[in-house]
Amino acid sequence: VAADEVVLVAGGDVLLAAGAGDPQAVNGRAGLDDLAAATAARLLQEGRSAVGVRLDDTLFSGPSMGPGWTQQDVNAGFVSPVAPIAVNAGRTRNANYAPRVQDPALNAAQTFAQRLTGYGVRVAGPVARAVAPADPVVLAEVRSAPVSEVVGLMLQVSENNVAESLARLVALDFGRPGAFPDAAGAVLDQVALLGLDVSAARLVDGSGLGDGNALPPSLLTGVLSAAASPNYPELRPLLEGLPIAGLTCTLSDRFAKQPAAAGLVRGKTGNLLGVTSLAGTVVDADGRLLAFAVMADDVPGNVAARAALDDVAARIAACGCR
């Protein structure tokens with residue numbers, strides 16, 4: 001890196017705002033416009049009015065597309081190539097299933113460069129990739145929402161890119177590389193530390209989109225039960241982030257035929273072609289908090305299968321000894 005260059009170092013936040021950050025938001029807590037403004041102020045203070053912009057996105061490693069992922073998944077907005085930095089999870093516009101960009105990290109760096117010019121610093125040449133020095137001079141920084149809030153957003157809107165980024169951060173925290181196999185293995189190792197049996201589980205990515213993922217329902221209920229246990233208060237955001245039946249996020253339009261279950265069921269949806277699932281918690285007629293997980297494979301139509309899963313959860317809510 002030359003003296004007249006600045007390096008944008010990716011830290012794992014894929015929910016950056018292109019403009020100013022919003023301190024009340026999770027998606028967009030940190031803004032590239034804020035970063036550019038602070039960087040430009042520092043550069044101009046040092047008498048530097050023209051710089052090259054470089055991108056260091058080496059935090060994650062390995063392929064950026066998971067096993068079985070296709071270009072259609074990107075075009076349909078299900079996921080983008082995995083990167084340690086992105087604006088709005090790589091979406092081309094602000095809609096859940098908007099198409100994703102092909103290179104989220106470079107897109108973020110180019111956005112930063114454009115914002116930098118708006119604050120009086122000329123960017124020389126195109127943005128290019130480079131590795132930041134081991135002992136860099138930090139010109140400016142922005143910080144994302146806490147991980148607990150990011151997990152909540154991921155659960156609420158079923159955001160695959162956020163799930164992939166979080167899985168890699170788990171791997172890095174374990175001292176492993178930030179690639180698909182390391183992330184999947186680190187997640188299962190972390191679950192095993194809760195005392196749960198992961199021997200029947202297979203993960204190939206962090207989102208469940210890839211070919212080869214398989215989890216027994218008992219493992220999901222085990223994680224949910226651990227999160228509700230007083231022994232693991234640090235897992236409580238997992239329960240708090242689950243959508244509420246008939247009210248919020250991915251469950252807002254569910255349970256229409258079971259209105260009595262609205263507000264009593266909280267759950268994470270899972271949908272692939274011919275596969276649907278629902279796992280979460282339910283308050284039954286006796287006031288007990290129960291964990292449940294229901295999976296349906298090889299279904300002819302997801303709509304009917306989802307309705308059946310909702311009925312299972314609603315029937316649990318209606319159960320009781322009284």
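No experiment lies behind these values; they were computed from the predicted model shown. Residues: numbered from 1 along the sequence shown.
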Would you say the side-chain atoms of [X] and [Y] include a donor-acceptor pair closer than 3.5 Å?
X	Y	value
Thr276	Asn302	no
Trp69	Asp205	yes
Asn160	Glu164	no

In terms of side-chain geometry, is the basic nitrogen of [X] or [Y] positioned less than 4.0 Å from the acidic oxygen of its partner?
X	Y	value
Asp310	Arg306	no
Arg129	Asp56	no
Glu46	Arg42	yes

To the closest 0.5 Å, what do you measure between [atom1] ([X]) and [atom2] ([Y])?
X	Y	atom1	atom2	result
Lys268	Ser158	NZ	OG	3.0 Å
Leu220	Phe292	CG	CZ	10.5 Å
Asn96	Cys249	CG	SG	9.0 Å
Leu43	Tyr119	CG	OH	13.5 Å
Leu209	Thr70	CG	OG1	8.0 Å
Leu215	Arg202	CG	CZ	9.0 Å

I need the full list of side chain to side chain donor-acceptor pair (under 3.5 Å) pairs touching residues 22-31, with sequence neighbours left out, sorted by first then second residue.
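Applying side chain to side chain donor-acceptor pair (under 3.5 Å) to every pair that reaches into residues 22-31, excluding sequence neighbours, yields Asn27-Asn88, Arg29-Glu149.
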Under 4.5 Å between any side-chain heavy atoms of [X] and [Y], yes or no?
X	Y	value
Gln258	Arg315	no
Phe112	Gln110	no
Leu106	Val127	yes
Arg236	Ser148	no
Ile85	Asp13	no
Leu247	Ser252	no
Leu153	Val157	yes
Leu44	Ser49	yes

[X]-[Y] co-clustered via ILVMFWY side chain contacts under 4.5 Å:
X	Y	answer
Leu35	Val121	yes
Leu235	Met154	yes
Phe255	Leu290	yes
Leu8	Val82	no
Leu238	Val282	no

Measure from the side-chain N and O atoms of [X] to the backbone N and O of [Y], and report whether any donor-acceptor pair falls under 3.5 Å.
X	Y	answer
Arg100	Gly77	yes
Arg266	Leu242	yes
Thr281	Leu289	no
Asp197	Ser199	yes
Ser165	Gly12	yes
Thr248	Ile244	yes

Of all the heavy-atom pairs spanning [X] and [Y], show the shortest one and how long it is.
X	Y	result
Val142	Gly31	CG1-O, 3.8 Å
Ala18	Leu32	O-CB, 3.8 Å
Thr250	Asp253	O-OD1, 3.9 Å
Gly280	Leu224	O-CD1, 3.3 Å
Ser80	Ala89	OG-O, 4.1 Å
Asp57	Ala105	OD2-CB, 3.6 Å

Is the charged tip of Arg91 near the ring of Tyr97: under 6.0 Å from the six-membered ring centre and within 45° of its axis?
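Checked: cation-pi criterion not met.
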Derivation of the side chain to side chain contact (heavy atoms under 4.5 Å, CB included) call for Leu55 and Val9
CA-CA 6 Å; Leu55 166 68; Val9 180; over 6 Å; no
After noting the C-alpha distance and the side-chain angles of Phe174 and Gln190, does the key distance pass the side chain to side chain contact (heavy atoms under 4.5 Å, CB included) rule?
CA-CA 9 Å; Phe174 266 73; Gln190 187 67 42; 2.8 Å; yes
Take atom CG of Asn94 as the centre, draw a 6.0 Å sphere, and report whether it contains more than 12 heavy atoms from other residues, nucleotides or ligands.
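Atom CG in Asn94 is not crowded, with 12 or fewer foreign heavy atoms closer than 6.0 Å.
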Can you tell me if Leu273 has over 12 outside heavy atoms packed within less than 6.0 Å of its CG?
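No, because the 6.0 Å sphere around CG of Leu273 holds 12 heavy atoms or fewer from other groups.
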Decide side chain to side chain contact (heavy atoms under 4.5 Å, CB included) for Thr269 and Arg254; before the verdict, give the C-alpha distance in whole Å, the side-chain angles of both, and the deciding distance to 0.1 Å.
CA-CA 11 Å; Thr269 58; Arg254 301 271 292 261; 3.5 Å; yes
For Val151 and Leu155: C-alpha separation, side-chain torsions, deciding distance, then whether side chain to side chain contact (heavy atoms under 4.5 Å, CB included) applies.
CA-CA 6 Å; Val151 168; Leu155 293 170; 4.1 Å; yes
